[in-house]
Amino acid sequence: MSVTYELVKKCSKTGARAGRLHTPHGTFDTPIFMPVGTQATGKAMSPDELKDRGAGLILSNTYHLYLRPGHELVAEAGGLHKFMNWDRGILTDSGGFQVFSLGALRKITEEGVTFRSHIDGSKHFLSPEKATEVQMALGSDIIMAFDECVPFPAEHDYARNSTERTTRWAERCRQTHNRSDQALFGIVQGGMYKDLRTMSAKDLVSLDFPGYAVGGLSVGEPKMLMYEMLEHTVPLLPERKPRYLMGVGTPDCLVEGVMHGVDMFDCVFPTRVARNGTVMTNWGRLVVKNAEYARDFRPLDDKCSCYACRNFSRAYIRHLFKTDEIFGLRLTTIHNLHFLLNFMSKMRTAIIEDRFLDFRQEFLAQYNR
RNA sequence: GUGGCUGUGGUGAAGCGGUCAACACGGCGGAUUGUGGUUCCGUUAUUCGAGGGUUCGAUCCCCUUCAGCCACC
């Protein structure tokens, strides 16, 4: 198998686990946070800058690359790794979530999804087969099954039909997939219904994917409900395979995810919020563009050792935001990625030293919001 | 010096006798979780250059004054 999971250490008190993920482009420590580079670039960051923060896998996107520049072009360039000059791991999302986000612009049938491009309104069709073909052309290390993300809230009937279809689609993705140097992960759906989560997990596990994602969470439901779903769903997944919680990236959610046994995460949150002038610190969120920092000459986070914190003040970074200088959002992006990747590595160390619960408690006591 | 025009929030401006002075930008604050260097939400002029008058009521009419711009001497 092209992608395998190696369990290194299990927490004695929670479901948390430390491991290693072996991929065709290297081995990466888990739990891992994968920065999002939707359009074949980690926004505002060069590949070297991503590596300097310790990024291992990054996430890119089928929907976006299919529309622009087109997967054939990427294949012609020699694949996504070569095209964007990234020699570590790449995971591509199938486009299911994007199509879900398009709302009124799309129509779902058993065959697939007809949708209109958010760029020019042109009509397109994405199916399990097509999404898999596109991802094979891109050549990412991990590709995702084409799923339908159940919205929140959703009626039980709707969620059941959708979840069953996602499983049928997963089987079609598996039938289509034939690249031995990449792994296809299945995605558990089921909305906020435990019986459907159980059904989805069981059906997908029987299809024997090399890894499993928990999808359909962090779609607007209360955090407690998300944690409840995680606690229910993760134990249904095979222990010897990686588990990936899609779309989660705030520090508090990451700790909870890790505690419940999740190995992989991705989220636009740290980078998007950075681009809008907000950073994460050991004490919680800090909106550096706010007026209260105009004369604050301290670093973003005095406990942080990142390039931005070592060299620049809140007042300076705020000034860059106020004047729309691109260097400002580069600094906050550097900081947020450093913060989050460092945070993941601290969690991993805590698991290995079997003090994860204490770590979690200390962190949550300090970090508000 | 004479004639004309203009003076509304941080900016550009609408209104022109009658509820809370339109809108845009900016500012301030919030949101943002498998798309969006994006988008969304809230808020931001007890006051219309100043003073006086007419009127039940004036940013809007009248008088005085100040300031800016233009033209002429």
Side-chain angles (χ1 to χ4, degrees), chain A residues 33-45 57-68 90-103 105-106 115-119 126 131 135 140 142-152 166 185-189 212-223 225-227 230 244-254 256-257 262 264-278 280 285 287-294 318 320-333 336 340 369:
Chain A
F33 177 79
M34 305 179 285
V36 172
T38 303
Q39 318 212 58
T41 171
K43 289 191 186 294
M45 293 290 101
L57 280 154
I58 59 173
L59 183 137
S60 205
N61 204 288
T62 299
Y63 168 83
H64 290 274
L65 296 178
Y66 157 77
L67 286 180
R68 209 167 42 185
I90 299 177
L91 179 150
T92 41
D93 190 18
S94 64
F97 186 80
Q98 284 61 52
V99 165
F100 153 82
S101 312
L102 285 173
L105 294 175
R106 105 231 125 164
F115 63 95
R116 288 190 177 278
S117 158
H118 70 290
I119 302 164
L126 218 46
Q135 292 184 90
S140 38
I142 299 173
I143 74 172
M144 300 308 296
F146 188 66
D147 64 333
E148 189 206 341
C149 186
V150 178
F152 175 81
T166 285
F185 281 20
I187 304 176
V188 177
Q189 289 291 347
Y212 290 92
V214 179
L217 294 182
S218 73
V219 287
E221 77 282 9
K223 281 185 181 179
L225 185 53
M226 172 175 125
Y227 299 156
L230 265 185
Y244 163 29
L245 175 56
M246 307 186 80
V248 163
T250 60
D252 50 341
C253 292
L254 289 170
E256 298 303 310
V262 175
M264 305 164 65
F265 304 85
D266 83 280
C267 193
V268 297
F269 194 79
T271 43
R272 177 189 294 173
V273 127
R275 274 177 252 127
N276 292 300
T278 299
M280 294 174 279
R285 272 206 232 177
V287 184
V288 69
K289 69 176 176 195
N290 281 3
E292 61 176 306
Y293 304 114
R318 175 182 132 89
L320 296 180
F321 268 91
K322 289 286 130 185
T323 50
D324 284 321
E325 285 291 343
I326 48 186
F327 190 46
L329 81 233
R330 288 191 12 86
L331 288 173
T332 50
T333 301
N336 275 355
L340 220 53
R369 236 160 49 100

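All heavy atoms count here, side chains included; hydrogens, waters and symmetry mates do not. Just so we're on the same page: letters track the sequence lines, and every chain starts at 1.
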Watson-Crick or G-U counterpart of B:G51, or none if no pair lies under 3.5 Å: B:C63
Side-chain donor-acceptor pair under 3.5 Å between [X] and [Y], yes or no?
X: A:Thr92; Y: A:Gln135; value: yes
X: A:Thr278; Y: A:Asn276; value: no
X: A:Tyr66; Y: A:Asn61; value: no

Say we look at [N] and [M]: how far apart would their [atom1] atoms be, to the nearest angstrom?
N: B:U59; M: B:G7; atom1: C1'; result: 12 Å
N: B:G29; M: B:U46; atom1: C1'; result: 23 Å
N: B:U39; M: B:C66; atom1: C1'; result: 47 Å

N/O donor-acceptor pair, side chain A:Asp147 with base B:G34, under 3.5 angstrom: yes
Grab the [atom1]-[atom2] distance between [X] and [N] for me, whole Å please.
X: A:Leu230; N: B:G34; atom1: CG; atom2: C1'; value: 14 Å
X: A:Phe269; N: B:A31; atom1: CZ; atom2: P; value: 9 Å
X: A:Phe185; N: B:G34; atom1: CZ; atom2: C1'; value: 14 Å
X: A:Asn276; N: B:C40; atom1: CG; atom2: P; value: 13 Å
X: A:Tyr63; N: B:G34; atom1: OH; atom2: C1'; value: 14 Å
X: A:Phe321; N: B:G26; atom1: CZ; atom2: C1'; value: 18 Å
X: A:Asp324; N: B:C25; atom1: CG; atom2: P; value: 14 Å
X: A:Asn290; N: B:U44; atom1: CG; atom2: P; value: 18 Å

Contact nearer the 5' end of RNA chain B, comparing A:Arg275 with A:Met246: A:Met246
Using a cut-off of 4.0 Å on non-hydrogen atoms, how would the nucleic acid contact of [X] be classed: base, sugar-phosphate, or nothing?
X: A:Gly216; result: base
X: A:Val268; result: sugar-phosphate
X: A:Thr250; result: base
X: A:Glu256; result: nothing
X: A:Asp266; result: sugar-phosphate
X: A:Arg68; result: nothing

Aromatic ring proximity, centroids under 6.0 angstrom, A:Tyr63 and A:Phe115: yes
Proximity to the side chain of A:Asp93 - top-ranked nucleotide from B:G34, B:C28, B:U32: B:G34
Nearest listed nucleotide, side chain of A:Ile187, among B:G36, B:A31, B:G34: B:G34
Any A:Lys322 side-chain nitrogen or oxygen under 4.0 Å from OP1 or OP2 of B:C28: yes
Contact under 4.0 Å: A:Thr38 side-chain N or O vs B:G36 OP1/OP2: yes
